[in-house]
There are 2 protein chains.
Amino acid sequence: MKHLRILTYVAEVARHGAIRRAAERLNITPSALTRQIQDLEYELGTPIFERVAQGMRLNAAGELLVRHIRDQRADLERVRSQIADLSGVRRGHVALACSQAFVNHVVPDEVEAYRAQFPQVTFTVQVRDHVQAVAALAQFEADLALVLQPPPSAEMQVLFSCRQTLCALVRAGHPLARETGPVRLRDCLAHPMALPDRSLAIRHHFDEALARRGSPLGAVIESSSLEFLRNLVLREDVVSLQVPSGIPDDPRLRSRPIDARDLGPMSLILAQLRGRTLPVATAKFADRFAGSLHQRYGGAGASDT
Amino acid sequence: MKHLRILTYVAEVARHGAIRRAAERLNITPSALTRQIQDLEYELGTPIFERVAQGMRLNAAGELLVRHIRDQRADLERVRSQIADLSGVRRGHVALACSQAFVNHVVPDEVEAYRAQFPQVTFTVQVRDHVQAVAALAQFEADLALVLQPPPSAEMQVLFSCRQTLCALVRAGHPLARETGPVRLRDCLAHPMALPDRSLAIRHHFDEALARRGSPLGAVIESSSLEFLRNLVLREDVVSLQVPSGIPDDPRLRSRPIDARDLGPMSLILAQLRGRTLPVATAKFADRFAGSLHQRYGGAGASDT
DNA sequence: GCCTGTGTTGCCCGAATCGCAACGGGGCAG
DNA sequence: CTGCCCCGTTGCGATTCGGGCAACACAGGC
């Protein structure tokens, strides 16, 4: 939208903390940018940036303004979506922040299903850990977040939640794959393990159980990439960990839930920023997503407005 | 505000239901107006007005948009008012890093006095040692620093400085409390001492004097907490050290300055980061603070910009 | 028919905006 | 201390965009 050009400039300078870098991102020259900022500051009657040697730093006034800009853009997006909605063609954009565990099939399946019906709706899917996901919501970088075990935050409004039991993931030939049904933790620990690292909620959950148990940790491999761990499991007789929603439908893989006596379930949560009115397309997608998660995993949608 | 020119046009056309009348009110020609409206409709991908013989009538989409425009304008007005407020010193935030010695009454008194007049101004007070305080300034974690004996640094711009003579601190019944006026260092050393540890500037200053004198150190207690030392002095006949601004008004405590022949005064400094333009509220607070420190302890404000 | 109101379009001008190059200043390694 | 780099800023010329003027097309009332 044309009329928010200047506001976009401000937001970008605030993001990068420097006019030159922001100018590059905006495909204009620093001179044009500095002039726009100066004009705006003149209009407001007060500077909104502190000029420091390293660049531009938001002022107290600037902080207020940038928040306004974010709100204003989100609101406009909502209005545009509403307008598109009533003109028949459903258009819109959904920005989703999700944990790694869901990029395998949960999110892609849902996006595909939604786009099959409304091809005009576009998506941005950012992979973030549980902390970053909440931050993304708060900063309007994401409309929805799908995460495991999020830190309790008053800013989040839960749209759906359920429990997921951690599973041991091995390849078909692995000794643990000889049986089905729950597996005890000690049986897993008897084998070399390939674990998510501490940037992932799964690991935190696992470490807690281990700490209670007092067992030493026998991780031979750590990675921040679940996909890497999965590929490793296919190549070696190692045991990895995964939540059910992160396990692909691959005949070469076997998974068995960890016995409930050893490890409690993790929470899976779909959430938005509290108090925000989502654009129509986004709200509709969120609603369907909650429904299909319920169908897959049980659990409950939260029905407060 | 410039950036909502187009939105104002839309609102005005909606109000009057006719481009020509709206154009008259806006002091532009109908042609300019109709073009702007067309551009906007093109951007939105849908008309927002119905063209009827009598003029322009708002569409369903237009209704939504006009509501958004109204909200948008109100919100901007709110933000502008907030900004005006904080440039009027009535709002704002002050982040102060200070030494432990000042949390007893110097800083609380000043903050209370300032907030009595400007309750919208909020404060963050971090207790840091003299090295960390300077670092906090440099990293924009603090706007102001109030410290004893700061390391000389070109980054700091002194807003106020004065001298403080170290005092021996004892409880009312202590032998040293029988007299008033300056006390010699050897008389202090004759008693068991409870001293700040080396994380505090007071201790460095004291150790220097001791090294010059070649005396052995008779510290029986060391602590990084001045409050702890004070509470100890109340319970035992030990001698502690404190600067005047760190001594609470407690009838159970007595203090006597160390004789100037034994120990030079320490410097107390209020400073900001050199070259930084502080927010109005912060600058005003700093100014008052310097004034009230001057009134209490003498010394001089530095008047370079 | 005429007249008056509406929105719209072509042409032109002036101002806002932008790009380019250069300037002044602070941080930083040599 | 010096040279270098990156920062924001400024002067100037080119471009784009917003706006004014006049004319056009259409609808309704007399």
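In what follows, chains are A, B, ... by sequence order, proteins preceding strands, each numbered from 1.
A donor-acceptor pair shorter than 3.5 Å cannot be found between the side chains of Arg67(B) and Gln72(B). Between Ser31(A) and Thr29(A), the side chains place a donor N or O and an acceptor N or O closer than 3.5 Å (distance only, hydrogens not considered).
One atom, CZ of Phe49(B), and another, P of dT8(C), lie 10 Å apart when rounded to the nearest Å. Protein atom CD of Glu24(B) is 12 Å distant from nucleotide atom P of dG7(C), rounded to whole Å. Distance Ile28(A) CD1 to dC20(C) P: 12 Å, rounded to the nearest Å. Note: NZ (Lys2(A)) to P (dT17(C)) measures 13 Å, nearest angstrom.
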Heavy atoms under 4.0 Å is the rule here; annotate nucleotides 24-30 of chain C 5' to 3' with B where the base is hit, S where only the sugar-phosphate is, and - elsewhere. --SS---
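Both Val52(B) and Leu33(A) lie near DNA chain C, and the one whose nearest nucleotide falls closer to the 5' end is Val52(B).
Taking every heavy atom of both residues into account, Ser199(B) and His130(B) meet most closely at O-CE1, 4.3 Å. In plain terms, the two heavy atoms of Leu33(B) and Ala23(B) that are nearest each other are CD2-N, 3.5 Å.
Side chain of Arg274(B) to main chain of Met156(B): a donor-acceptor pair is present (N/O by atom type, distance under 3.5 Å, no hydrogens or angles). Panel note: side chain Glu41(B), backbone Ile48(B); a donor-acceptor pair is recorded below 3.5 Å.
The aromatic rings of His294(B) and Phe160(B) lie perpendicular to each other, with more than 60° between the two planes, well past the 30° mark.
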Could you walk me through whether Asp287(B) and Lys284(B) pass the salt bridge (charged side-chain N to carboxylate O under 4.0 Å, His left out) check? CA-CA 5 Å; Asp287(B) 198 38; Lys284(B) 178 115 181 167; over 6 Å; no
Should Phe285(A) and Phe123(A) be marked as a ring-ring contact (aromatic ring centres under 6.0 Å, His included) after you check the CA-CA gap, both sets of side-chain angles, and the distance that decides it? CA-CA 11 Å; Phe285(A) 174 76; Phe123(A) 285 81; 5.0 Å; yes
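No side-chain heavy atom of Thr34(A) sits under 4.5 Å from any side-chain heavy atom of Tyr9(A).
Shown here is Arg296(B), whose CZ atom has more than 12 heavy atoms of other residues, nucleotides or ligands within 6.0 Å.
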List the atom pairs, with distances to 0.1 Å, where a side-chain N or O of residues 275-283 of chain A and a protein N or O form a donor-acceptor pair under 3.5 Å, not counting sequence neighbours.
residue	atom	partner	partner atom	Å
Arg276(A)	NH1	Asp143(A)	OD1	3.2
Arg276(A)	NH2	Asp143(A)	OD1	3.2
Thr282(A)	OG1	His93(A)	O	3.1

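The stretch residues 34-43 of chain B comes close to DNA chain D through Arg35(B), Gln36(B), each having a heavy atom under 4.0 Å from the strand. Listed in residue order, the members of residues 5-22 of chain B having a heavy atom less than 4.0 Å from DNA chain C are Ala18(B), Ile19(B), Arg20(B), Arg21(B).
For Arg73(B), the side chain to side chain donor-acceptor pair (under 3.5 Å) partners are Thr8(B), not counting sequence neighbours.
Taking 4.0 Å as the cutoff to heavy atoms of chain A, we find the contact window on DNA chain D bounded by dC7(D) to dG18(D).
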